[in-house]
Amino acid sequence: MGAKADNGPKPPPPLPSRPPLKALFKLKTKQQELLIRAAALALIYVLAFAIRLFSVLRYESMIHEFDPYFNYRTTLFLTRNGFYEFWNWFDSESWYPLGRIIGGTLYPGLMVTAALIYRALRFLTFAVHIREVCVLTAPFFASNTTIVAYFFGKEIWDAGAGLVAAALIAICPGYISRSVAGSYDNEGVAIFALLFTFYLFVKAVNTGSLAWSLASAFGYFYMVSAWGGYVFIINLIPLYVLVLLVTGRYSMRLYVAYNCMYVLGMILAMQIRFVGFQHVQSGEHMASMGVFFLMQVFYFLYWVKDMLNDTKLFQSFLQITLTCAIGVGTLALGIGMASGYISPWTGRFYSLLDPTYAKDHIPIIASVSEHQPTAWSSFMFDFHILLILFPAGLYFCFKRLSDATIFIVMYGLTSMYFASVMVRLILVAAPAVCLISAIAISATIKNLTTLIRKKSKAALAVTTKATSNLKASAKASLDQSLPFQQNGAIAVLVGAFYLLSRYAIHCTWVTSEAYSSPSIVLAARGAHGGRVIFDDYREAYYWLRQNTPPDAKVMSWWDYGYQITAMGNRTVIVDNNTWNNTHIATVGRAMSSYEHEAYEIMQSLDVDYVLVVFGGLTGYSSDDINKFLWMVRIGGGVFPVIKEPDYLVNGEYRVDKGAAPKMLNCLMYKLSYYRFGEVTTEYGKPTGYDRARGVEIGNKDIKLEYLEEAFTTSNWIIRIYKVKPPKNRW
Amino acid sequence: MCVDASGELDHTLGIDVVWIALFLAVLLGWWDGPVTCALTLGKFIIFTYAATPISLKIIDLYVVYAITTAVIQVVYMGIVGSFPFNSFLSGVLSCVGTAVLAVCLRIQVNKENKEFKDLPPERAFADFVLCNLVLHLVIMNFLG
């Protein structure tokens, strides 16, 4: 056979006759795995977005709750007037007569993000309204959080754990509660920024690259612009560095990562006006500065130790440097705190360390229901099986300790502590719990499946390969020693899948029942089972908008301030920002005083209209009469003339005939129950039966002297009264 | 030696000398360690440090220059007060920031560090330039 002669053109190769679907299975395993991963991630992305859309489908695309209305109003202002006007905005429509410097007292991240998305969509000629963008911002960022969770899981453990983490956090109720469509609040964007910053920092510590540290500094800047909870990051990361140094995981990568992130992050964070100079002046940020200086000293000492190669000399050098450094540091800190230059921990964050602090000293913080300590039922409701998988995940992390797993363990433990102090912070713990549980699930399932595959592979080896008989017989003997291993593994796997499917069912149910109510539109079941919608809030605000003079001032409790300015477009006396306790106490005092005293206070504040929320006709329990004791406490905290025991009978809060006389004649009682004594609310009950408290009211014959009723909504939920001008002198 | 009417012993020159000698002995004994330490450090600076490559010495010089500038600014602030606090902070932080970034560069470029032996020095320098660029852009915004 000589050389292969090229006898002219070769015939074309035969076309593949297999259909294209089968070509898929001809891919190499690695490519198949990549395809499965990408497909799973894409489905998780869509799932995270879709599960949050319940309220948009059931009601309409509107903004929920109270705080999001302020964010919506500021975003509207930003898109209409541009960034410069927004950054320097002084708003005279709230906190009359003080006004509010909005540009300097908000976290602009959320508004700027929504405005940028709006601009981008408009540029692509999608004619969307800014409200649609605002409503759907939170689900969009929840989807992005799942992607970040995947990469974070991959960094800590492996790609499988990343996928499971992405799937868990897509439907975790703890996260869904603050990021449904319509909940246009800082947390929707902030949790994405938090996880992103942590991922970038862990990546920087693992690679030691300045570029990743710069990225984490930018992530931190985004977090600072988005939410006040950035204090968690600036305290957790120094704590993590300290733990690494103490456990002896000293490395150069840590130095590069932390220092670059700290300096650049600090200088970037100071660009936000609301944060200002807090990074160098506030007690909450001193931990990061202390660790920064500690790192310089520590690494300098290590460098000198490497250079000197003489231990005895190094010891004496060490002693001098350490005493000097500790002395100077303690002196500086002491002088700073004693002279008041470094401000102590503010009440909001101090009450996290000492949960009893707010109840005694700051009633406004204590009155918010989200700030109460968490009950076990809330944990179970928001986390379900993740609560049980969390300790299992911790065990796996401790088995394979690395810089990254130490970080996630610390994040998990600290966030769980804070979540148990305040219900609202379950949101911050949700990503950590999902990641750690994902590690548990991924590691367990991996072990189980390798167990199953090893058995079948060993059986295969015994039958096909007869080369090493000794090894085969040894393996066979091993197989026979644990005969039910494979069955046990399959049983546990089936159990695991059952648990995960129950988790998915629970999350969907919780989202549908508990976390998808807009709270500005109420729904109930009518007598014949049909759905009844109460749209009283918007009815009242639009009445205000269309029937009052443009410069009218409205007095209400601070909960409704943001909604009144956003939808009613009228000036309010106090709103949800609660930055001025005395002003709120003045309103509280007015609501708890007799009508003539309240009239003087209202005259001093130029009030034209008073708005109260009343749930007695419908049985709506979040009305002003149920919040009244907080008004008394806050008012009494500043004006001692208001005393809480005056409104109680034997320590009990009552509105019926046995109620305290001051309670029966105060302004709030009169405004809530005016003309209510004539109404029959339930069949078989007397007139004036309050369905929210379940009693017949005590004072049915109410006469108003200084106010007149202006508007009551169709279900009596909101009642608006006009303040009469003073009577003529003669 | 004269005895007082009250009976107390007057302190004399002899007792004084003993006290001073004791004081000096303690001082010198305490200072002995630091003195030898300082001498060895001096020796170290002259011999061991001179052996480091010239690129690292340039970076060290830059760090010393940046820290000195920061110290000068702090002293100036102590004299004239800190009124535009943002200007003071941006000045000091730009010095401290660039010093810290230079130290990070030195760590990454130093051939003795096993952790960074795969990192090409050009990449380290590019990262350094990028971080400095971001730092100084933010400083320019913050200067006021």
Side-chain angles (χ1 to χ4, degrees), chain A residues 204 206-215 217-218 221 250-273 276-277 279-281 289 292-293 295-296 299-300 303-304 306-310 312-321 323-324 341, chain B residues 32-41 43-45 47-49 51-52 60 67 82 85-86 88-90 92-108 110 112-116 118-119 123-139 141-142:
Chain A
N206 274 346
T207 57
S209 137
L210 267 178
W212 284 108
S213 312
L214 178 67
F218 273 116
F221 171 55
Y250 154 89
S251 72
M252 291 299 177
R253 298 170 283 123
L254 182 66
Y255 183 86
V256 172
Y258 180 68
N259 279 304
C260 176
M261 191 249 187
Y262 176 64
V263 175
L264 285 173
M266 176 163 75
I267 194 78
L268 277 169
M270 292 205 254
Q271 307 309 304
I272 308 290
R273 281 172 65 190
F277 302 129
H279 276 74
V280 291
Q281 284 180 342
M289 192 182 282
F292 176 68
F293 284 121
M295 276 199 107
Q296 309 307 321
Y299 278 75
F300 177 65
W303 182 59
V304 167
D306 276 340
M307 290 284 168
L308 276 184
N309 295 327
D310 185 348
K312 210 160 82 80
L313 212 56
F314 177 67
Q315 295 291 355
S316 51
F317 178 70
L318 179 71
Q319 278 166 357
I320 306 166
T321 325
T323 33
C324 284
Y341 186 72
Chain B
D32 178 51
V35 162
T36 29
C37 187
L39 285 174
T40 332
L41 272 176
K43 231 180 20 184
F44 150 73
I45 287 174
F47 291 122
T48 326
Y49 185 68
T52 57
D60 288 339
I67 299 290
S82 70
F85 193 57
N86 55 320
F88 163 66
L89 263 186
S90 56
V92 168
L93 281 177
S94 75
C95 294
V96 170
T98 192
V100 158
L101 288 172
V103 172
C104 292
L105 175 68
R106 187 188 199 277
I107 289 172
Q108 289 182 334
N110 197 351
E112 290 168 24
N113 281 331
K114 303 290 175 299
E115 293 173 27
F116 288 108
D118 294 330
L119 189 71
R123 164 75 197 267
F125 188 67
D127 283 343
F128 170 73
V129 167
L130 177 69
C131 289
N132 263 315
L133 192 67
V134 169
L135 175 72
H136 287 99
L137 276 174
V138 180
I139 295 289
N141 183 39
F142 200 43

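Every chain is numbered from 1 and lettered A, B, ... according to where its sequence line falls, protein lines coming before strand lines. Any value given below was found using the heavy atoms of this structure, including those in side chains, with hydrogens, waters and symmetry copies removed.
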Separation of [Y] [atom2] from [X] [atom1] (nearest 0.5 Å):
X: A:M270; Y: B:F142; atom1: CE; atom2: CZ; result: 5.0 Å
X: A:L210; Y: B:C131; atom1: CG; atom2: SG; result: 4.5 Å
X: B:D127; Y: A:L214; atom1: CG; atom2: CG; result: 8.5 Å
X: B:L89; Y: A:H279; atom1: CG; atom2: NE2; result: 11.5 Å

Sort out for me which of A:L268, A:V256, A:V263 touches chain B most, counting heavy-atom pairs under 4.5 Å.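 The answer is A:V256.
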A:F218 and B:V134, any side-chain heavy atoms less than 4.5 Å apart: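 Result yes, sub-4.5 Å side-chain heavy-atom pair found.
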Evaluate the side-chain proximity of A:C260 to B:L101: yes if any heavy-atom separation is below 4.5 Å, no if none is.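 SC-SC contact between B:L101 and A:C260 confirmed.
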Minimum heavy-atom separation for A:G208 to B:Q108, with atom names?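 A:G208 and B:Q108 have their closest heavy atoms at O-NE2, 2.8 Å.
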Contacting moiety of A:T207, where chain B heavy atoms sit under 4.5 Å: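 A:T207 touches chain B through backbone heavy atoms alone.
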Which bit of A:F292 is near chain B, if near means a heavy-atom gap under 4.5 Å: side chain, backbone, both or neither?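 Just its side chain gets close to chain B.
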I'd like to know if the side chain of B:E115 and the backbone of A:M252 have a donor-acceptor N/O pair within less than 3.5 Å.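 Yes; at least one donor-acceptor contact below 3.5 Å.
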Do side-chain atoms of A:Q296 reach the backbone of B:V100 as a donor and acceptor pair under 3.5 angstrom?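 Answer holds: no.
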Give, as side chain, backbone, both or neither, the part of [X] having an atom under 4.5 angstrom from any heavy atom of chain A.
X: B:I107; value: side chain
X: B:N141; value: both
X: B:F116; value: side chain
X: B:E112; value: neither

Check the surroundings of atom OH in A:Y250: do more than 12 heavy atoms from other residues, nucleotides or ligands lie under 6.0 Å from it?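 Buried by this count: over 12 neighbours within 6.0 Å.
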More than 12 non-hydrogen atoms from neighbouring residues, nucleotides or ligands closer than 6.0 Å to CZ on A:F277, yes or no?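 Correct, the count exceeds 12.
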